[in-house]
Structures are given as structure tokens and as C-alpha cells.
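For reference, the structure discussed in these notes is given below.
As the structure is a prediction and not an experimental result, all values here were calculated from the model.
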Amino acid sequence: MRLPRRGWLSGAGAMLLAGTAGARAAPDGTYRRGNDADPETLDPHRSSTVAEAHILRDLYDGLLTYDNCGAIIPGAAQSWRVSDDGLTYTFTLRAGGRWSNGDPVEAEAFVYSLRRILAPETAAKYAEVLFPIRNAAAINRGAMPATALGVAAPDPRTVTIALEAPTPYLLELLTHQTALPVHRPSVERFGESFTRPGNLVSNGPYALVDSVPNDRIVLRRNPHFHAAAEIAIPQVAFVPTPDLSSAVRRYDAGELDSLADLPGDQMASLRRRFGDQVVLGPSLGLYALAVNTRKPPFDDIRVRRALSLALDREYLAEALWGGTMSPAYSLCPPGLDNYRTPPETEGRTRLPIDNEETAARLLAEAGFGPDRPLRVEYRFNTSDNNRNTAVAVAEMWRGLGIETRFVYTDAKTHFAYLRDGGDFDVARMSWIADYSDPQNFLFLLTTGNDGMNPGHWSNAEYDALLAKAAAERDLTARADLLYRAEALVMRDLPWIPVMHTRSKALIAPRLHGYVPNLRNAAPTRFLRLVG
């Protein structure tokens, strides 16, 4: 994906951003980092959001990790090798690796942690991401003991991972929070309280020192980290910024050094005010509407098609979001590795008036019209962008006589409600890929993955295609199987794709080293404050 020309200067893998306004230096050298939302948890095995991922990337080091350009680099492992059949990965840990309390980081920690996230009692929201590991799926459903997992520690510095089938994205998967190690003695001593300040022991570049709900999470440089001497920022405070307009005002007042999201309807004025401090970049993300396919009348495909056809995605992406999104007619965004051009749902090639006429006919066939309007409860997590999008979508549906009622909460409550089986009609969903492969989007809608598939869509043919693709070694044949699977989603529309994302940020002139990248990775250890 080509980056937009923003007039930045780059060199030595870093970027210096200049502008006309920005945050004043904090007296203690703290990097005040705006984050999308307050984290629901700092337990990497129970986490599920991008806001949590940003913090966990600073706290923990997986076997592999990302640099500030989004490239995969050694983490706790210094090297690795892959067997000829692609089924076994062997990792060698760094000599002298330490936890933040000084304990040695040994291979057993990774065995323990991978068993922990897959254990049914952990109730991990992301467990399915690790199903390529041998016996992982069976363990997660309680059919096999955790000791059967294909992960071993033949000695303190060696971790081996055996797979069910060759997995082309395995290395990237191991950068994800699901594969992060936790400190076993702390978990066993404190239980669920192991994530609190004073209890949490981590192996990454930073350690947790303070946590104030809905206000800040403060991390301080971990002196035991292998590259501690190279870390320029001694302390980072993650500040939740769900109200983006307010966050921009705080940034302009010098209270924040960066924002990880921006109000789409203000992009033109933001560019005028802040110039090249507004940084857009590539992303592998989806903004969608999940539909409760078990609940009448939303179990009727004609109703779901009508809701989709009524959307003016071009207006939403270009006008409402200021060109920071692109219209989405597919679940998978273009540009994924190991794939082809994704199949699309109907509507892109027709005029809006034709889509509206088709949508009205479908609603009439489903029994809805002026005397019996379709009523939709639209749930979303509160932010300026989400609120404006909900209002615009409701207005588009109103043209078909659809009556929309809003239910909105903070992000933590919204996603927990959906994961826990809460009742809904239509709900705002988003997904940022954990690795650049179509499987990372398509697994969301597999049968039984209720934590990610709140509408409970189930299709045996879809599940079979994904299972067959998981065992296919030929990447072209695998891409064809995944294409056929996505085509079923675009036909049934359990998720209605709305927009594909781009990253958008405000970066103060004093913050150096930020590079927009496809993975949206910006570990604090690679950044620095100047002035």
C-alpha cells in the first residue's frame, strides 16, 4: 500500500514531523499518549482491543515483536528456524533475558502462557487465533488436556511450536498479545489481581507503575529489559481519548503528545490547524455492522440485504470521515498477503437510486412498508466518529421508512455486552488485522466463535471451506478456498461491511520516530522526545 505524500522527512528508520502547534514538554519527560479507550484488562490472554494492544506491546515481549515501521523483529527470542515441512518452529531465547522483577525469562514461561490462554477456564476472547498450534482447538473446547498442546521447552532457552498444518502467517501471529508470556509466580500468587500496579511483572521495555480508571495508565522503563539502555523515553502515560473532539483540544493545549485517532468530520480543519502533524497511514481494518441473524426479522437475508444496499458508503468514507476511510463492499480489505482481490457484496457498480429501489423491494417482500415500518436498534460504542456515522446511517435507512433507535455505551461495555451474548439488532463492530492474511478476518464468523461472532451466524459450508484452507499447503489453492468462503459471507451479510480503515494520528513536533505502517505498530521504545 502506498503512503500518502505528507512532506515528511525520514531517515535511519525514523521520522521527524514538523508542524505549527503541539504539546509542550512535560517536566518529567513523560510521553502523554492518547489511546482509543480505557482498557478492559491488562491480562494479555483476556484482552481483545487495539487500545489494549498498544499498552501490552510496551509491557511485554513476545517471542517476536514489531519495530516502529511494522517489521517483525526478534523479541524474547534471538533466533528461530523452521522445519522443512513447515510444521515445527524452534526458537532460541536471548541469553540473560529478565522479567521486570529480575527473574530470568525462560522457555517454560511461553509453554505455561500458551497453555493458559487455550485452557477453557481462562475464557480467552482470542483463543481461536492460536488454533494453528497442534491440539489447540481440542484443548480450548475441553476435549484434551493442556499438556497435549504442541508447545515444549526442551531446555530453558528453547521453545518449540508444532503446528496442525503449515501456517504462512505464524511468525506474525506470534507478535500478537495472545502469544505474550505472563509471569507464572505472579499469576499463581495474585490470581486475577496480577495485573494491578505492584503485582504485574512483565518482560517488555516498560513496567506498570500506576493505573487510574478512565484517566491514565503509567508505565516506566524496565531496567531489566535487554535493550533498556537504548530506550529514550523513561515514562509513558496512556490516556483514554474516546471523545475525540475533546482529545484534540487537549492536544492543542499541550496536554497530550499524540492521538491515535481523529474525528473524521474535522479532517479539513485539522489539516489547516496542524499541518503535517496530521499523519495518515495504511491499515488493515474493517468498520462493519454485525446483524443478529438469530433474531427475527434480521434472520431474513432480504432484510440484511436491504440494510446494506441503503448505505452510501462513498459518502460515509469521503465526506463524513474526511477521506480517512475507504468504502467497503468486502469483509477483507485489499492488499492482504496470500490472497486475491476479495469478493464483494452487491451495490458498488449500481447508482444509489437503483440500490434504494432494490432495498425497498426487498423490504416489501419481507413484509415491511409504510404501514409496518422496520424498527432497528443500533448499538455502538461512543466516540465522535461512531456517533456521526450512526446518525448518517439512520438517515440513509430513514429513506426506506426504517425507524432507528440508538443504544450507546463506552467501548468496554459495548464489546463486553456483545461478547457475553447480549441481545441486539444491529451493532457497530470493528476489526484491525493481527496479521496480514485473509484468515484473520474470516475466522471471526466461524460457528461457535461467539466472542467475535455476536450475531451467531453459522454456515456449515463456510466452516468446511476454512477447515480445508487450513490444511492446504498450496497458497494459490488456499486463496481460492478462502475466496469462496468470503463470497458466502458477502451473500448472507451477517456482518455488513461499511468502510475499510486507514490509520490517522496527531503527532507533536517533539515526538520523533513515529512511522505510519500497515500494522499500526508504534512501540514507545522506538520513539523519543526532543525539546
Side-chain angles (χ1 to χ4, degrees), residues 12-17 22-23 25-39 42 44 47 49-62 64-76 99-100 175-177 180 195 197 200-211 215-241 247 251 255-261 277 279 281 432 503 505-517 519-531:
M15 181 172 295
L16 174 62
L17 296 162
D28 60 357
T30 298
Y31 166 29
R32 291 81 48 88
R33 181 169 182 162
N35 202 24
D36 303 307
D38 205 38
L42 291 181
S47 70
T49 69
V50 173
E52 291 162 348
H54 291 319
I55 301 170
L56 293 169
R57 189 177 289 123
D58 276 1
L59 282 172
Y60 292 95
D61 226 15
L64 304 170
T65 190
Y66 288 124
D67 67 8
N68 58 328
C69 298
I72 297 173
I73 61 172
W99 293 92
S100 56
T175 67
H176 190 253
Q177 62 253 45
L180 293 174
T195 59
L200 192 146
V201 176
S202 58
N203 73 323
Y206 290 87
L208 178 67
V209 294
D210 194 16
S211 177
D215 183 67
R216 66 187 181 278
I217 289 176
V218 181
L219 314 182
R220 189 170 298 150
R221 182 169 46 207
N222 173 13
H224 297 288
F225 185 63
H226 68 88
E230 302 169 13
I231 297 175
I233 295 178
Q235 184 164 284
V236 53
F238 285 87
V239 180
T241 55
Y251 174 89
E255 298 175 13
L256 296 171
D257 298 303
S258 68
L259 292 180
D261 196 6
Q277 292 175 60
V279 182
I432 303 296
S503 66
L506 268 174
I507 305 297
R510 81 182 193 117
L511 180 64
H512 293 225
Y514 178 85
V515 182
N517 59 78
R519 310 295 184 257
N520 198 26
T524 305
R525 64 177 278 206
F526 295 108
L527 306 179
R528 66 188 188 279
L529 299 174
V530 178

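- With hydrogens and angles disregarded, a donor-acceptor distance shorter than 3.5 Å links the side chain of Y251 to the backbone of I507.
- Between H512 and P509, the closest heavy-atom pair is NE2-O, 3.2 Å.
- With rounding to the nearest 0.5 angstrom, the CZ atom of R221 is 7.0 Å from the OH atom of Y206.
- Without hydrogens or angle criteria, D257 side chain to R33 main chain gives no donor-acceptor distance under 3.5 Å.
- The heavy-atom pair separating R525 from A227 by the smallest distance is NH2-CB, 3.9 Å.
- At least one side-chain heavy atom of D61 sits under 4.5 Å from a side-chain heavy atom of H226.
- Applying the side chain to side chain donor-acceptor pair (under 3.5 Å) rule to T49 yields the partners E52; only residues at least two apart in sequence or on another chain are considered.
- A distance-only check finds no donor-acceptor pair linking the side chain of N68 to the backbone of V515 [under 3.5 Å].
- Rounded to the nearest 0.5 Å, atoms CD1 (I432) and CZ (R519) are 12.0 Å apart.
- Counting only heavy atoms from C-beta outward, the side chains of I73 and Y66 never approach each other to under 4.5 Å.
- The shortest distance between side-chain heavy atoms of H54 and D36 falls below 4.5 Å.
- Of all heavy-atom pairs between P516 and G281, the closest is CB-CA, 3.8 Å.
- Here the side chains of P44 and Y60 are in contact, with some heavy-atom distance below 4.5 Å.
- Considering only residues two or more places apart in sequence or on other chains, D215 meets the salt bridge (charged side-chain N to carboxylate O under 4.0 Å, His left out) condition with none of them.
- N35 contributes atom CG, which lies 6.5 Å from atom OG1 of T241 (distance to the nearest 0.5 angstrom).
- The side chain to side chain donor-acceptor pair (under 3.5 Å) search around D38 returns none, not counting sequence neighbours.
- Of the listed residues (T195, I55, L200), just one forms a side chain to side chain contact (heavy atoms under 4.5 Å, CB included) with L208, and that residue is L200.
- Looking at D58 and T524, their side chains do bring a donor and an acceptor atom within 3.5 Å of each other.
- With values rounded to the nearest 0.5 angstrom, H176 atom NE2 is found 9.5 Å from L56 atom CG.
- Counting only heavy atoms from C-beta outward, the side chains of F238 and R216 never approach each other to under 4.5 Å.
- With a 4.5 Å cut-off on side-chain heavy atoms, F526 and C69 do not count as touching.
- Of all non-hydrogen atoms in R57 and P523, the two that sit nearest each other are CD-CG, 3.7 Å.
- Atoms CG and CG, on L527 and L511 in that order, are 5.0 Å from each other to the nearest 0.5 Å.
- Listed here is the closest heavy atom pair of V209 and R220: CG1-CB, 3.8 Å.
- A distance of 8.5 Å separates CG of L529 from CZ of R32, quoted to the nearest 0.5 Å.
- Contact record, A37 with A51: O-CB, 3.6 Å, taken as the closest heavy-atom pair.
- Between the side chain of D210 and the backbone N or O of P197, no donor-acceptor pair lies under 3.5 Å.
- Looking at heavy atoms from C-beta onward, W99 lies in side-chain contact with N203 at the 4.5 angstrom threshold.
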